[in-house]
Amino acid sequence: MKVRKVIITVAGRGTRFLPLTRSQPKEMLPLINKPLIQYAVEEAIGSGIEQIILITALGKHAIEDYFDRSLELEHVLEQKGKTKLLQEMRELSSLVNICYIRQKEQLGLGHAILTAREIIGDEPFAVILPDDIIDSPTPVLRQMIAIYEHYRTNVIAVEPVNHQDTVKYGIIEPEEISPRLYRVLSLVEKPRPSQAPSNLGVVGRYILMPEIFDALTATPPGKIGEIQLTDALQLLLGQQTINAYEFEGKRYDTGNPLGWLKANVAFGLKEPGIREELKKYLAQLE
Ligand code: UTP
C-alpha cells in the first residue's frame with residue numbers, strides 16, 4: 001500500500017526556545033524568509049504525500065492561519081499590482097490538503113501520533129518532526145518511501161552522531177543490510193557513550209506501519225507521564241521488522257537557538273541574494 005499520509009507534530013511546548021515560546025510557536029521561526037514548518041510541508045509534498053495531518057495544541061493557531069487563505073491580503077496585493085507575490089500567496093494556501101488535530105495535553109510524541117489514529121486508519125504513514133530540517137537534493141521522506149516500497153516494512157531515519165552525543169538520541173543496534181541500510185536489532189533511548197550499541201542516532205523522519213498504534217496504546221507512560229515513540233518502536237520490534245536508513249542530506253536541529261542560528265547561516269550562504277554579503281560579514285567578525 002502506498003504511503004499517502006504524513007503526521008507532522010507541532011504540539012510540543014518548545015521549552016528550549018523559552019521565553020520566545022511563551023506566546024510564539026517555534027515552528028513559525030524563519031529560516032531565511034519561510035517559517036520552519038513550511039520546510040516540513042514542502043518536504044511532504046515533494047515526497048508525493050497526499051494528506052498532511054498537523055498535530056497542534058493551544059497557542060499554535062499562527063500555524064493554521066499561515067496555511068489558510070487570506071482574501072484581504074490578496075486584495076491588497078492585487079490593488080498594489082504585486083502579481084508575482086499574489087500568485088505565490090495563492091499557491092501557498094492551496095499547497096496540499098492539511099487537517100489539524102489538537103493534542104489537548106502534552107503527553108509526548110507517542111501520544112501526539114496516537115491522536116491521529118482514526119484519520120490514518122489501516123495504512124502505512126509517515127511522520128515528520130519539523131525541528132529536524134534536512135537539506136538534501138532528494139527530499140528525505142522520498143528517499144525513505146523508496147526504501148519502504150522495496151521492503152514494505154517500518155523505516156526510521158538515522159545518522160551517525162558524535163560519540164559523546166549518544167545521550168541526546170535514540171541509538172540503534174544495527175545489522176547492515178546494504179550500504180546506508182540496517183535492520184534494527186534493538187533501540188536504546190539516550191544511552192551513555194559507553195553503553196551505546198552504535199553511533200547511529202534516530203532523527204525526525206519515520207515510515208510506520210499501522211500496527212504502531214497498538215504498540216503505542218500498550219506503551220506505559222514514562223517518567224513524566226509521556227508516551228514515548230521509542231518505547232512503542234521497541235515493542236513493535238517484537239513482531240515487525242524495523243529498518244533504519246542513513247539518509248543523504250545535511251540535518252539541522254532547529255529546535256534550539258544555536259541549531260536554528262546555524263541553519264540560518266548555512267541556508268543564507270546558499271541564497272543568491274544574501275550569500276556574498278553574509279560571507280563578507282562573517283569574515284569580518286573574527
Ligand atoms: P521535543 O522532545 O523536541 O519537545 O518534541 P518540544 O516540546 O518540541 O521541545 P523542547 O524539548 O521542550 O524544547 C519532539 C516532537 O514531538 C512533538 C514536538 O512538537 C516535536 O515535533 N511533541 C512533543 C508533540 O507533538 N506533543 C508532545 O506532547 C510532545
Side-chain angles (χ1 to χ4, degrees), residues 5-29 31 35-44 52-64 66-67 98-117 119-120 125-134 140-141 156-159 161 165-171 187 189-190 201-208 212-213 216-217 219-233 251-263:
K5 301 177 184 177
V6 67
I7 297 176
I8 304 180
T9 52
V10 295
R13 290 186 193 284
T15 51
R16 285 167 297 161
F17 251 117
L18 279 168
L20 174 109
T21 42
R22 283 168 65 95
S23 66
Q24 291 289 316
K26 64 178 171 181
E27 296 81 10
M28 288 303 292
L29 282 171
L31 183 45
L36 296 170
I37 186 65
Q38 193 169 337
Y39 290 84
V41 167
E42 286 176 355
E43 180 178 332
I52 295 178
I53 299 139
L54 265 165
I55 314 296
T56 72
L58 197 69
K60 302 272 182 171
H61 62 86
I63 298 174
E64 292 173 46
Y66 183 77
F67 291 109
I98 304 183
C99 72
Y100 299 89
I101 296 179
R102 306 266 287 202
Q103 187 190 18
K104 295 192 184 72
E105 276 182 286
Q106 272 57 66
L107 295 178
L109 171 63
H111 178 262
I113 292 173
L114 207 42
T115 63
R117 183 174 197 159
I119 296 194
I120 297 289
F125 62 99
V127 177
I128 294 182
L129 310 193
D131 280 359
D132 280 333
I133 300 269
I134 306 176
V140 172
L141 211 54
I156 61 180
V158 291
E159 74 172 8
V161 301
D165 287 341
T166 57
V167 282
K168 300 183 193 157
Y169 295 86
I171 300 289
L187 269 163
E189 186 61 4
K190 303 188 168 79
V202 179
V203 307
R205 302 289 182 278
Y206 308 81
I207 309 277
L208 299 172
I212 190 70
F213 291 121
L216 283 166
T217 308
T219 300
K223 269 176 267 161
I224 48 172
E226 294 193 340
I227 299 175
Q228 301 296 351
L229 177 60
T230 313
D231 293 343
L233 287 170
R251 180 183 70 99
Y252 300 90
D253 177 6
T254 62
N256 67 83
L258 177 61
W260 172 77
L261 205 53
K262 283 183 184 170

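Counting starts at 1 for both ligands and their atoms, in listed order. Please read all numbers here as calculations on a predicted model, not as lab measurements.
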Considering all protein heavy atoms, does one lie under 4.0 Å from atom 7 (O) of ligand 1? yes

Looking at R13, which atoms of ligand 1 are within less than 4.0 Å of one of its heavy atoms? 7 (O)

Are there more than 12 heavy atoms of other residues, nucleotides or ligands under 6.0 Å from atom CG of L20? yes

Give, for atom CG of L36 and atom OH of Y252, the distance between the pair rounded to the nearest 0.5 Å. 13.0 Å

What do you reckon, is CD of E64 surrounded by more than 12 foreign heavy atoms closer than 6.0 Å? yes

Euclidean distance, I53 CD1 relative to I55 CD1, rounded to 0.5 Å: 7.0 Å

By the definition side chain to side chain contact (heavy atoms under 4.5 Å, CB included), identify the one residue from V6, I128, L229 that meets it with Y206. L229

Enumerated ligand 1 atoms positioned under 4.0 Å from heavy atoms of A112: 24 (C), 25 (O), 26 (N)

Starting from atom 16 (O) of ligand 1, what is the nearest protein heavy atom, named by residue and atom, and what distance separates them? L109 CD1, 3.5 Å

More than 12 heavy atoms from other groups under 6.0 Å of CZ on R13: no

Between OG1 of T254 and CD of E27, what distance do you get to the nearest 0.5 Å? 8.5 Å

Between I133 and R205 the two heavy atoms that sit nearest each other are CA-NH2, 4.3 Å

Using distance alone, determine whether E105 and ligand 1 share an N or O pair under 3.5 Å. no

Quick one: closest heavy-atom pair of I156 and V202, and the distance? CD1-CG2, 4.0 Å

Backbone or side-chain N or O of G108 under 3.5 Å from ligand 1 N or O: yes

For ligand 1, which is the ligand I care about here, please tell me if A11 has any N or O atom under 3.5 Å from one of the ligand's N or O atoms. yes

Only heavy atoms of V10, strictly under 4.0 Å: list the atoms of ligand 1 that pass. 19 (O)

Quick one: which of A57, G12, G14, A40 has a heavy atom closest to atom 22 (N) of ligand 1? G12

Give yes if a backbone or side-chain nitrogen or oxygen of L129 is under 3.5 Å from a nitrogen or oxygen of ligand 1, and no if not. no

At their closest point, which heavy atom of G14 faces which heavy atom of T21, and how far apart are they? O-OG1, 2.8 Å

Under-4.0 Å protein heavy-atom contact, atom 19 (O) of ligand 1: yes

Just to be sure I'm reading this right: ignoring hydrogens, which of T9, T15, T115 gets closest to atom 10 (P) of ligand 1? Compare them by their nearest heavy atoms. T15

Note: ligand 1 atoms sitting under 4.0 Å from heavy atoms of Q103 are 24 (C), 25 (O), 26 (N), 27 (C), 28 (O)

Any Lys/Arg nitrogen of D131 or R16 sitting under 4.0 Å from an Asp/Glu carboxylate oxygen of the other? yes

Going by the atom numbers of ligand 1, which of them fall below 4.0 Å from some non-hydrogen atom of L107? 28 (O)

Nearest 0.5 Å, what's the CD-CE distance between Q38 and M28? 9.0 Å

Ligand-side contact atoms (ligand 1) for residue partner Q106, heavy atom cut-off under 4.0 Å: 28 (O)

N/O separation below 3.5 Å, P130 to ligand 1: no

Indicate yes or no: does an N/O atom of K26 lie under 3.5 Å from an N/O atom of ligand 1? yes

Ligand-residue contact atoms, ligand 1 with D131, heavy atoms, under 4.0 Å: 3 (O)

Under the 4.0 Å line, does any protein heavy atom show up next to atom 3 (O) of ligand 1? yes

Quick check: does R16 get an N/O under 3.5 Å from an N/O on ligand 1? yes

